[in-house]
Amino acid sequence: MLIRKIKDMKQITKRLKKEGKTIGFVPTMGYLHEGHISLIRYSKKDNDITVVSIFVNPIQFGKNEDLDRYPRDLERDVEICGKEGVDYVFYPSADEMYPEGFSTYVEVEGITQRLCGTFRSGHFKGVTTVVAKLFNIVQPDKAYFGEKDYQQLKVIQKMVRDLNIDVEVIGCPLIREKDGLALSSRNKYLTPEERKSALSISRALFRAKQMFESGEKDPSKVIDEVKRIISSQPLVKEIQYVEVVDPEELTPKKKLEKGDVVAVAVFVGNTRLIDNIKL
Ligand code: PAF
């Protein structure tokens, strides 16, 4: 069922709680792909009721980012949700989420200043604000986020801990295409030639893991190799970062350990792609 109004969603939430139902929640910006579908399936497995939100959150996009061209297809998304047995699709308007005079934000310090935070100022503040709002509206027992946006997952887990929000934030494995490309709604922007160049990202990450498994402990060697593989591609415009970080603090590592995360952000043409792998 498609719910557009915050008031209606809150009413449903209240009723479900009264009935003792557990609520699983998958927040999305729509244009659903197999990555989202896997989150929906985890939620369906763990909870009585599954709610998916679709909201392209304007405040997490920078001035020169892709808010206006971000892909949207509500009809197709609702169809996918129906097929997957989602109970409620929450599709609020930006006007209702951010009415005139809106002035309260949630900001996690520290880990938001690293990796993507260095390049997308204000992005995580937009994410944590909308996710806190959505948590208040949907009141989920469990919420599901992809490890593709690894930093986002860690930021949201920190917010929930710091603010004592009563929800379990569950990270779910990143899903790749058969050829290795990490699933993202933004892959739609890629031309066939750009897509070919973009494959170097996962190839480089697999190589990083292989180096670690063969005994490499020096992050700079791994980082150099990842950069070399990615930058060898003609349509790679810019490597924003390649870092090996601690899986919780997201601080750079001096010596590699199992569980560390190699994270990258790359512009292929005008499309910014992120990806990561756990060692
Ligand atoms: O990952 C996303 O799609 C978005 O950042 C989220 C978590 C739905 C918040 O707008």
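These numbers come from a predicted model, not from an experiment. Counting convention: from 1, in listed order, for ligands and their atoms alike. Here, residue 1 is the first one in the sequence, and each next residue gets the next number.
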Atoms in ligand 1 flagged as close to Gln60, the criterion being non-hydrogen separation under 4.0 Å:
4 (C), 5 (O), 9 (C), 10 (O)
To the nearest 0.5 angstrom, please state how far the CD1 atom of Ile165 sits from the CE atom of Met159.
4.0 Å
Test side chain to side chain contact (heavy atoms under 4.5 Å, CB included) applied to Ala204 - qualifying residues, sequence neighbours left out
Val226, Ile229, Ile230
for atom 3 (O) of ligand 1, nearest protein heavy atom and its distance come out as Met29 CG, 3.5 Å
Can you sort out the partners of Lys217 under side-chain hydrogen bond (donor to acceptor under 3.5 Å, both in side chains), two or more places apart, ordered by chain and number?
none
For atom 1 (O) of ligand 1, the closest protein heavy atom turns out to be Gln152 NE2, 2.8 Å
Numbering the atoms of ligand 1 from 1, which are under 4.0 Å from a heavy atom of Val130?
9 (C), 10 (O)
Looking at Tyr189, I'd like to know if the NZ or CZ of Arg69 sits under 6.0 Å from its six-membered ring centre while staying within 45 degrees of the ring's axis.
yes
State whether Glu84 and Lys44 are salt-bridged, where the test is any N-O pair (Lys NZ or Arg NE/NH1/NH2 against Asp/Glu carboxylate O) under 4.0 Å.
no
Counting only heavy atoms, which portion of Thr28 has something under 4.0 Å from ligand 1: side chain, backbone, both, or neither?
backbone
